[in-house]
Amino acid sequence: MYFKENIPVFLLFMSFNAVILFIGYVDNSIPNVAVTYIFCFNLLIFAAYILWDLLRKRQFNNEFQKLESLEDVAGMTEGNTPQQRIIYGKLNEMRMIHQHELDRESQKTRENLDELTRFIHDMKMPVTTMKLMIDDLDVKQREKLAVEWTRLNSMLNEVLYLKRLPNIKNDLYIEEINLEKLLNVSIKKLRDICMRKNIGFDIHLHERAVHTDRKWMQFVIDQLITNAVKYSEDNDIVIKGQMIEGRMILTVTDYGRGIKEKDAGRIFEAGFTSTSNHDDEQSTGMGLYLTKEVCDVLGIYIDIESVYGEYTTVTLTFSEANEFSKITMK
């Protein structure tokens, strides 16, 4: 790149030396030794200049070519030539403006998220009060309202966990937990819907203990059980847990609507609600997206196998308990 930029300089030098050689050739009064001496002296000076110029510009040029973002400008040298210093100054000015804009937008985002969090927590109080009032109603009225309350509470939780997701790594506490207890909590939340839809649970846990974060694991289980109940009716949901090659494998199988083959690759995308039923107002398209994101952080591999119209099986493969988990537990 340096040599391309200095082509005019090379051409000027070549022209200058060509003129000297031409003069020596046409003027016999000038000794050939003198012409050769002048030519070699000019060549030496030019080579020394090119080497000096190349060395003083090389570091800045190399750093400039490696730039991937404006943030990288902070680690650059200011340059050794007036032109390099002007370029560095302009880049640094752009970096400062860009950083200022990012800080301003980040502040707005934090304020919006804080407002959203306050709103959700404010909503939790009347929602809890509503639950107590619903429980005092007779069976028929309670069943209908309880279903809608469960949906509302689930949507509020999704938004709350979506807000917490960016800072999930700062919110983890790895400990040994009992999966059966988490499953019972999730099933209890959906009791009224399950009774209305005639859904039962067939649970076989040969192993119950896993090492993970209790709160975020409860969220994952809630999402899986809620999805299984949402798209099932008049059948049992089968839950199995067993150790295979030192890893806990938990499967949740429902025999409901299933997932179309063309949707299988998109089920973990944010906002995707499948092509099976576009007027399904129950789905927000965020549940499985959040579940996948949480599982990735917890080191849990999640996989879904489904045949449309027959069944859907969600498999969670937990990481092996290791020394880090034991230390964290303490």
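Everything quoted here is computed from the prediction, not taken from an experiment.
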Within the structure provided, determine whether [X] and [Y] are in side-chain contact (heavy-atom separation under 4.5 Å).
| X | Y | value |
| --- | --- | --- |
| Phe13 | Leu43 | yes |
| Tyr231 | Thr312 | no |
| Glu207 | Gln242 | no |
| Tyr308 | Asp263 | no |

Residues, nucleotides or ligands: over 12 heavy atoms within 6.0 Å of [X] [atom1]:
| X | atom1 | result |
| --- | --- | --- |
| Lys215 | NZ | yes |
| Met96 | CE | no |
| Arg85 | CZ | yes |
| Glu261 | CD | no |

The test is side chain to side chain contact (heavy atoms under 4.5 Å, CB included); show your working for Asn92 and Arg95 and say whether it passes.
CA-CA 5 Å; Asn92 196 48; Arg95 181 183 68 84; 3.0 Å; yes
Would you say Asp103 and Gln107 are linked by a side-chain donor-acceptor pair, where the criterion is simply a distance under 3.5 Å?
no
Residue pairs, two or more places apart or on separate chains, that pass salt bridge (charged side-chain N to carboxylate O under 4.0 Å, His left out) and touch residues 238-255:
Arg247-Glu320
Suppose the criterion is salt bridge (charged side-chain N to carboxylate O under 4.0 Å, His left out): which pairs have a residue in residues 293-312, not counting sequence neighbours?
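Matches after skipping sequence neighbours: Lys292-Asp296.
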Approximate separation, where rounding is to 0.5 Å, of [X] [atom1] and [Y] [atom2]:
| X | Y | atom1 | atom2 | result |
| --- | --- | --- | --- | --- |
| Ile239 | Thr313 | CD1 | OG1 | 11.5 Å |
| Phe46 | Leu51 | CZ | CG | 11.5 Å |
| Leu250 | Leu179 | CG | CG | 5.5 Å |
| Ile174 | Trp216 | CD1 | CH2 | 12.5 Å |
| Arg214 | Asn178 | CZ | CG | 8.5 Å |

Output the rest of the hydrophobic cluster of Ile244: all Ile, Leu, Val, Met, Phe, Trp and Tyr residues reachable through side-chain heavy-atom contacts under 4.5 Å, sorted by chain and number.
Ile249
Partners meeting side-chain contact (heavy atoms from CB on, under 4.5 Å) with Asp236 (sequence neighbours left out)
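Per chain and number, Asp236 pairs via side-chain contact (heavy atoms from CB on, under 4.5 Å) with no residue.
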Yes or no on side chain to side chain contact (heavy atoms under 4.5 Å, CB included) for Ile300 and Val294, after CA distance, side-chain angles and deciding distance?
CA-CA 8 Å; Ile300 300 171; Val294 173; over 6 Å; no
For [X] versus [Y], what's the shortest heavy-atom pair and its separation?
| X | Y | value |
| --- | --- | --- |
| Ala264 | Ile259 | N-CG2, 4.2 Å |
| Arg208 | Glu180 | NE-OE1, 2.7 Å |
| Val229 | Cys194 | CG2-SG, 3.9 Å |
| Asp234 | Ile199 | N-CG1, 4.3 Å |
| Ser319 | Gly299 | OG-O, 2.5 Å |
| Thr291 | Phe219 | N-CE2, 4.3 Å |

Linking I/L/V/M/F/W/Y whenever their side-chain heavy atoms sit closer than 4.5 Å, directly or via other members, would [X] and [Y] fall into one cluster?
| X | Y | value |
| --- | --- | --- |
| Tyr37 | Leu44 | no |
| Met14 | Phe41 | no |
| Phe318 | Met243 | yes |
| Val238 | Ile302 | no |
| Val297 | Leu288 | yes |

Using only atom types and a distance under 3.5 Å, with no angle test, would you say the side chain of Thr212 pairs donor to acceptor with the backbone of Met217?
no
Under the 3.5 angstrom rule, does the side chain of Asp202 hit a backbone N or O of Ile237 as a donor-acceptor pair?
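Looks like no, no N/O pair under 3.5 Å.
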Candidate pair Leu183 and Leu205, rule side chain to side chain contact (heavy atoms under 4.5 Å, CB included), full reasoning
CA-CA 11 Å; Leu183 288 167; Leu205 295 180; 3.8 Å; yes
Taking distance alone, no hydrogens or angles, what donor-acceptor pairs closer than 3.5 Å link side-chain atoms of residues 221-228 to residues at least two apart or in another chain?
{"unit_1": "Asp222", "atom_1": "OD1", "unit_2": "Ser186", "atom_2": "OG", "d": "2.3"}
{"unit_1": "Asp222", "atom_1": "OD1", "unit_2": "Gln218", "atom_2": "NE2", "d": "3.0"}
{"unit_1": "Asp222", "atom_1": "OD2", "unit_2": "Lys189", "atom_2": "NZ", "d": "2.7"}
{"unit_1": "Thr226", "atom_1": "OG1", "unit_2": "Asp222", "atom_2": "O", "d": "2.6"}

Which of parallel (below 30°), tilted (30 to 60°) and perpendicular (above 60°) describes Tyr311 and Tyr255?
tilted
Taken in chain and number order and not counting sequence neighbours, the residues that satisfy salt bridge (Lys or Arg N to Asp or Glu O under 4.0 Å) with Arg56 are Asp53
